[in-house]
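Let me begin by presenting the structure, written as structure tokens, before commenting on it.
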Amino acid sequence: MNIAIIGSTGLVGLEIRKILEKKKINNILFVASKKSVGKEVLYNNKKHKVISIKNALSKKINYAIFSAGSEVSRKYAKEFTKKGAIVIDNSSFFRMNKNIKLIVPEINGETITKKDKIIANPNCSTTQLVLTLFPINKIYPIKRIVVSTYQAITGTGKEAVDQLKQEEKGLKPKKKIYKDGIFRNVIPKCDVFNKNGYTKEEQKIIDETNKILKTKIKITATAVRTPTIGGHAESVNIEFKKDFSIKKIINELKKQKGIIVQEKEKYTTPNQTREKDEVFVSRIRKDDSVKNGINLWIVADPLRKGAATNTVQILETLINLNN
């Protein structure tokens, strides 16, 4: 079994490598852009050369994990499937394709079949949100959601992290990913603006949530970039179609695999989720401004459950299915 990681030197690629290494999985091909080709990466105490995507296409690959952006996925994902590989794509390119499954294994992993050649991994903000909404919506159908995200710069990539570190030291960034500056600042813009005034990130949360949950919940979102390197946080307001019990909601969340519930005055901050695979849910309280509403605080590492961990879980599901 050969696994290719396309985008293996990026932030998500690095986390995928860490998780696979911990699981003692070998036969990995490390694929990256031209500037990284020929460089060496350390994996399972051995040095491995980074190869080009065209070189990878000439080899026998069973599973190809794409973490190199939508354009690379658009251009090469189907080329790998033609060679017999199953693709797990971390970009947004295939997510809303009606013929491609958008998977969070704890929610809809059982829908994966041997016929699936491309599996889409959700947006990081969506993943932690739907994992929380899933058990709640089963017992109390949701009418409307208002979500405000406070997202770490790791969601934008290594150059964004470099900008924060350089600004923190009082240096001029080598490359300015955030034109307004990110140190000691918050930016109400994640990704580019759509014609409707929402950013692409906000629209992803809205569209992907309903696709994964198979619902038509009314959702509005505001995504904000914050000067943190840890996790993504979400302040979520939920309005139900009928009366509910906070205690029952908490009990259902505690049963959900992948979630850690914190009660009363306990909570988790974004920095505390770094390199953790779980989604942390706290500040669960009734919204007294509406008849059937609650508020939640949801935090997770976007590089782990939001990307790498979910990807590896999909990979393991596929391997078990095809063996």
Side-chain angles (χ1 to χ4, degrees), residues 12 66-74 77-78 87-112 116-138 141-152 155-157 187-225 232-241 258 279 296 298 300 302-303 305-307 309-311 313-314:
V12 175
F66 275 71
S67 293
S70 293
E71 186 55 29
V72 175
S73 296
R74 181 195 68 78
K78 289 185 178 180
V87 168
I88 305 169
D89 184 37
N90 268 308
S91 82
S92 62
F93 187 73
F94 294 103
R95 288 176 189 158
M96 295 313 297
N97 185 319
K98 65 180 180 179
N99 298 315
I100 304 289
K101 290 168 185 172
L102 187 60
I103 297 292
V104 176
E106 295 92 338
I107 297 174
N108 56 359
E110 76 284 349
T111 66
I112 298 174
D116 294 313
K117 298 304 175 188
I118 299 176
I119 302 288
N121 201 44
N123 176 45
C124 48
S125 300
T126 303
T127 302
Q128 66 190 69
L129 178 64
V130 294
L131 193 58
T132 306
L133 297 178
F134 176 63
I136 298 174
N137 190 59
K138 283 196 297 185
I142 296 169
K143 177 182 178 182
R144 182 174 185 261
I145 301 168
V146 180
V147 54
S148 300
T149 72
Y150 307 89
Q151 299 184 209
T156 317
I187 303 168
K189 176 182 174 287
C190 293
D191 213 319
V192 299
F193 284 108
N194 293 327
K195 289 180 180 179
N196 63 359
Y198 282 76
T199 63
K200 271 191 174 181
E201 181 77 9
E202 292 157 353
Q203 201 63 50
K204 287 174 194 174
I205 293 168
I206 295 166
D207 296 339
E208 292 175 25
T209 295
N210 277 313
K211 180 176 179 178
I212 294 165
L213 297 180
K214 293 184 177 179
T215 53
K216 292 182 179 179
I217 298 167
K218 292 180 179 179
I219 305 170
T220 187
T222 301
V224 179
R225 191 68 68 188
H232 282 358
E234 297 173 345
S235 171
V236 182
N237 179 268
I238 303 171
E239 186 179 355
F240 299 108
K241 293 179 181 179
V279 173
L296 307 169
I298 306 170
L303 298 180
K305 182 54 184 171
T309 302
N310 203 68
T311 296
Q313 286 176 305
I314 293 170

Check whether any side-chain heavy atom of Leu131 sits under 4.5 Å from a side-chain heavy atom of Glu106, and report yes or no.
-> yes
For the residue pair Phe94 and Ser73, establish whether any side-chain heavy-atom pair is separated by less than 4.5 Å.
-> yes
Quick one: pull up CD1 in Ile142 and CD1 in Ile238 and give me the separation to the nearest 0.5 Å.
-> 4.5 Å
Nearest-0.5 Å distance, CD1 of residue Ile145 to CG of residue Leu129 = 6.0 Å
For Asn237, side-chain contact (heavy atoms from CB on, under 4.5 Å) partners two or more places apart | Val146, Asp287, Asn295
Which residues satisfy the salt bridge (charged side-chain N to carboxylate O under 4.0 Å, His left out) test with Glu208, sequence neighbours excluded?
-> Arg95
Student check: side-chain heavy atoms of Ile187 and Val224 closer than 4.5 Å | no
In this structure, CD1 of Ile100 is separated from NZ of Lys211 (nearest 0.5 Å) by 7.5 Å
Any donor and acceptor pair, going by atom type alone, linking the side chain of Thr209 with main-chain N or O of Ile206 inside 3.5 Å?
-> no
Got a sec, which residues hit side chain to side chain donor-acceptor pair (under 3.5 Å) with Ser148, two or more places apart in sequence or on another chain?
-> none
Kindly indicate, with the supporting measurements, whether the criterion side-chain contact (heavy atoms from CB on, under 4.5 Å) is fulfilled by Ile119 and Asp89.
-> CA-CA 6 Å; Ile119 302 288; Asp89 184 37; over 6 Å; no
Hey, could you give me the CG/CG distance between Leu102 and Asn97, rounded to the nearest 0.5 Å?
-> 10.5 Å
In Å, rounded to the nearest 0.5 Å, how long is the span from CG of Asp191 to NZ of Lys204?
-> 4.5 Å
Heavy-atom closest contact (Glu234 atom, Ser125 atom, distance) | OE2-O, 2.7 Å
Over all atoms of both residues, closest heavy-atom pair of Val12 and Ala307 = CG1-CB, 3.8 Å
Results of salt bridge (charged side-chain N to carboxylate O under 4.0 Å, His left out) for Arg74 - residues two or more places apart only | Glu71
Expected output: side-chain Asp116 to main-chain Ile118 donor-acceptor under 3.5 Å | no
Could you list the residues that satisfy side-chain contact (heavy atoms from CB on, under 4.5 Å) with Ala223, not counting sequence neighbours?
-> Thr149, Gln151, Cys190, Glu201, Glu202
Using side chain to side chain donor-acceptor pair (under 3.5 Å) as the criterion, list what pairs up with Asn210, not counting sequence neighbours.
-> Thr215
With sequence neighbours left out, the residues meeting salt bridge (charged side-chain N to carboxylate O under 4.0 Å, His left out) with Lys143 are Glu239
Heavy-atom closest pair (Ile103 atom, Gly109 atom, distance to 0.1 Å) is CG2-CA, 4.2 Å
What residues, two or more places apart in sequence or in another chain, satisfy side-chain contact (heavy atoms from CB on, under 4.5 Å) together with Lys218?
-> Arg144
What pairs with Asp207 under salt bridge (charged side-chain N to carboxylate O under 4.0 Å, His left out), at least two apart in sequence or on another chain?
-> none
So, does Arg225 use its side chain to make a donor-acceptor pair with the main chain of Lys189 at under 3.5 Å?
-> no
Does any N or O in the side chain of His232 come within less than 3.5 Å of the main-chain N or O of Ala152, such that one atom is a donor and the other an acceptor?
-> yes
Measure the shortest side-chain to side-chain distance between Val192 and Thr199 over non-hydrogen atoms and say whether it is less than 4.5 angstrom.
-> no
Residues forming a side chain to side chain donor-acceptor pair (under 3.5 Å) with Asn90, sequence neighbours excluded | Ser67, Asn121, Thr311
Evaluate the criterion side-chain contact (heavy atoms from CB on, under 4.5 Å) for residue pair Asn137 and Ile217; output intermediate values, then yes/no.
-> CA-CA 10 Å; Asn137 190 59; Ile217 298 167; 4.3 Å; yes
Reported CZ-to-OG distance for the pair Phe93 and Ser70, which is rounded to 0.5 angstrom = 7.5 Å
4.5 Å side-chain heavy-atom contact, Leu213 and Phe134 = yes
Return the set of residues passing side chain to side chain donor-acceptor pair (under 3.5 Å) with Thr220 (not counting sequence neighbours), or none when no residue passes.
-> Tyr198
Taking ring pair (Phe, Tyr, Trp, His ring centres under 6.0 Å) as the test, write out the residues that go with Phe240, two or more places apart.
-> Tyr140, Phe244
Which atom of Asn310 lies closest to which atom of Pro122, heavy atoms considered | ND2-CD, 3.7 Å
